[in-house]
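Okay, structure first, notes after.
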Amino acid sequence: MPDFEPRELKFPAIPVFQYDRSLQDELDAGALSPAEALDLLEWMMSVHAFEQMILSLRMQSVEPLREMGFKYRGPTHLSTGQEAASVGACGAIRWTDYITSTHRGHGDAIAKGYVAIRERTEEELRDWIGSPDAAKLSGDELRERAKDEHVYRTIAELFGKADGYCRGRGGGMHIADFSSGHLGANAIVGGSTGIATGAALSRRYFRDGGLVLCFAGDGAYSNGITLESLNFACQDQFTNELADEKCGLPIIYVIVNNQYGMTGQQRGEVSGVDYLARRGAGFNEEAMHAEVVNGMDVLAVRDSIARAAELVRQGKGPVLRELICYRYHGHSLSDPRTEYRAKEEEAAWRECEPITVFSRQIVEAGVADEEEVEALRQRVEKRHEEAAIRAAKAADPDASELLRFVYTDSFAVDVPKEYASPKTLEAPPLPKRKDGQITFKEALFEALVEEMLRDERVVVYGEDVADYGGAFKVTKGLLETFGRRRVFNAPISEAAIIGTGVGGAMTGLRPVVELMYSDFEFQAGDQLFNQAAKWHYMSGGQTTVPLVVRSSVGAGKGYGGQHSQALEAHATHTPGMYVVCPATPYDAKGLLKSAIRDDNPVLFVESQALYNIKGKVPEDDFLVPLGKAAVRREGKDVTIITWSLLAHQMIEAGEVLASQHGIEAELIDLRSLVPLDMETILNSVRKTGRAVVACQACRTGSYTAEVASRIQEEAFDYLDAPVARIGSADAISPQSEVLEKAYLPDVDTIVQAALQACYAAGR
Ligand SMILES: Cc1ncc(C[n+]2csc(CCOP(=O)(O)OP(=O)(O)O)c2C)c(N)n1
């Protein structure tokens with residue numbers, strides 16, 4: 001309702017550096033035990049030792065490794081100076097909570113692993129170590145052995161070894177240990193904020209009491225996906241009357257403000273605020289409970305994150321924390337820092353070096369004396385040195401297994417009992433058949449309903465998909481059937497829609513998200529191509545990403561250059577993602593159901609021009625396998641291959657060729673581009689000797705090039721003519737009807753190409 005009452009907006013105050021307790025105070029208050037204090041110190045020392053090892057490796061000063069001729073290759077993003085941030089934050093959450101981390105994430109990985117070692121039961125630890133020698137160990141011996149293993153697996157991953165956490169597929173910038181709740185570091189600045197938010201969505205969905213802690217640098221807080229994620233997490237619909245249960249997303253965003261992006265300075269240069277915690281005020285009325293914390297003080301960090309964890313476990317999340325700290329090294333070891341830092345600045349920050357400060361407190365509080373602290377440091381360093389030597393000698397991954405984990409064969413054949421009978425609010429408005437026929441759009445709806453009834457883990461969200469039913473009304477009726485817990489509108493944040501889908505999919509959900517127009521994929525490019533497609537591989541198979549991204553293709557409606565593109569070739573060029581393009585109502589249903597059950601991420605491309613076509617679709621639960629083409633007509637003279645909208649033009653072209661030219665074309669509708677059914681294509685081309693490959697995308701760089709080239713590679717001896725390729729003109733889709741008609745391929749383009757192939761070959 002209109003409300004123009006004059007007033008002022010006020011923002012909650014954001015506390016800055018309010019923590020004022022010492023270790024002694026914490027011990028006296030019973031907030032920390034001496035053993036826990038020593039853990040914090042040991043973990044920080046371990047983070048430090050890890051970074052020192054990289055430094056030494058680069059300087060070739062690790063004696064045994066130099067003698068072995070071992071050379072470290074890979075990035076050198078050290079986090080020395082940030083130990084308190086990693087350890088204090090991880091030390092304040094449970095081992096079953098999740099974290100996501102950054103390109104500078106060794107410390108986070110080390111710290112999260114230690115928490116898990118401390119909190120796992122002995123039986124869990126033995127299983128996790130997995131080697132026979134651990135079976136005989138118990139107590140401290142077992143935990144020490146687990147620490148050895150943890151440091152070893154982390155270093156082995158850094159060295160690209162088969163024993164690494166990600167089997168050498170991820171390396172330091174993508175290190176993940178899903179078994180301990182570490183969902184991955186990310187080489188894309190801000191790249192994991194969407195994933196973390198999606199993981200929080202899934203924790204909220206499953207009400208499992210867990211939370212997500214999302215580490216990201218100050219640089220990431222100017223990045224689109226991060227800001228989209230904060231907004232996504234703060235949506236009112238999680239906590240107001242729209243919510244099934246009022247519960248904010250259980251996520252703590254931790255800004256690790258080490259003062260610099262790569263070299264650009266957050267304060268006074270590349271942002272307009274002194275403290276990035278202010279960003280919180282832009283996203284909800286609570287300013288995300290933001291606080292600025294001394295990130296050099298492990299106890300201050302621990303205290304602040306512990307309070308944040310309490311808030312989010314009470315459903316009061318999300319929470320934002322800015323940890324002010326310092327990284328003593330440049331961006332990487334190739335950055336000497338001389339151009340942009342003053343020596344006095346570095347010296348001043350040395351005064352509050354986290355390990356020195358905390359060691360002093362440990363001694364002052366009588367938790368350990370100086371010799372004991374020194375002995376601990378030596379033990380930690382020894383552990384790291386031994387682990388590094390072991391990792392350097394460890395086996396490399398088998399080169400013949402290069403492609404392992406690009407895709408997974410797994411498929412949700414059965415649904416776990418607890419998700420197999422989801423509740424509905426009312427009966428779904430299933431489409432009514434006339435002569436067994438429904439529209440393409442209705443077939444998609446039916447597939448969604450069936451899969452949502454079958455498996456509670458399937459959720460649907462995207463822009464306007466709930467009450468309105470989506471821009472093309474495909475999802476109309478889902479909200480009324482399943483409620484807002486499972487069907488909800490997302491903000492207009494394509495990157496966050498896909499990113500949260502990835503995080504949700506990694507952590508138990510099977511999201512089906514909608515991208516209104518495929519043109520908007522570019523807004524979400526990183527999340528689709530660098531995250532969704534890559535995490536199964538980069539994690540060495542630790543996780544799968546069962547995410548379906550439904551995206552629609554315009555064209556033929558005068559919508560111009562930014563709402564008409566067929567962009568599937570971008571996805572086919574990104575290993576790790578399936579690309580599915582149905583052309584009939586039958587396939588729309590059967591393929592969408594398969595896509596939802598498949599554990600690979602699937603880009604599901606729908607042509608808007610097909611939404612209202614009708615076709616026979618069985619009412620029962622049937623699947624169309626991904627990667628199996630359909631032969632729409634058999635023929636002996638020429639093979640025509642296409643997908644999606646053009647499959648219909650191909651069928652018309654086949655009729656014209658037969659009736660007017662006496663040419664019997666074999667017509668193949670690929671249905672899936674990835675996986676590609678080369679067998680059906682080759683069998684046909686070997687028979688006809690001629691091929692025309694057509695699609696709606698502009699010709700240069702379209703997927704027709706890949707198909708044509710593979711035909712030539714694999715069936716050259718059978719070809720009687722060059723493989724013809726058809727696409728739109730290499731132009732921008734124009735608004736004018738005349739121009740758009742000239743731009744798009746049509747039945748005649750296909751007929752002419754087939755005739756040329758036949759006559760060029762002297763038929
Ligand atoms: C999207 C993206 N842009 C640029 C880079 C190159 N890059 C790597 S680290 C970095 C600085 C990131 O700053 P911040 O988030 O503060 O983290 P820090 O490196 O200081 O730990 C940049 C620009 C990248 N990896 N990803």
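Counting starts at 1 for both ligands and their atoms, following the listed order.
- Within the 4.0 Å heavy-atom criterion, neither part of Q266 lies near ligand 1.
- Among protein heavy atoms, the minimum distance from atom 8 (C) of ligand 1 is reached at H331 CE1, 3.6 Å.
- On a distance-only criterion, Q82 and ligand 1 share no N/O pair closer than 3.5 Å.
- Judged by the 6.0 Å distance and 45° axis criteria, R58 is not positioned over the aromatic ring of Y72.
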Begin from the C-alpha positions of T408 and N600 and carry the test side-chain hydrogen bond (donor to acceptor under 3.5 Å, both in side chains) through to its verdict.
CA-CA 6 Å; T408 173; N600 291 288; 5.5 Å; no

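- Of the polar atoms of D218, at least one N or O is found under 3.5 Å from an N or O of ligand 1, judged by distance alone.
- Among protein heavy atoms, atom 14 (P) of ligand 1 sits closest to G219 N, 3.4 Å.
- Counting only heavy atoms from C-beta outward, the side chains of I355 and V357 never approach each other to under 4.5 Å.
- In this structure, M288 and Y253 have side chains that are in contact, with non-hydrogen atoms separated by less than 4.5 Å.
- Ranking protein heavy atoms by distance to atom 23 (C) of ligand 1, first place goes to M262 CB, 4.0 Å.
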Verdict with reasoning, Y114 to V87, per side-chain contact (heavy atoms from CB on, under 4.5 Å)
CA-CA 9 Å; Y114 275 123; V87 167; over 6 Å; no

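- Aromatic ring centres of F70 and F159 lie closer together than 6.0 Å.
- The protein heavy-atom contact nearest to atom 10 (C) of ligand 1 is V189 CG2, 3.7 Å.
- Considering backbone and side-chain atoms alike, G261 places an N or O below 3.5 Å from some N or O of ligand 1.
- At least one heavy atom of R327 sits under 4.0 Å from some atom of ligand 1.
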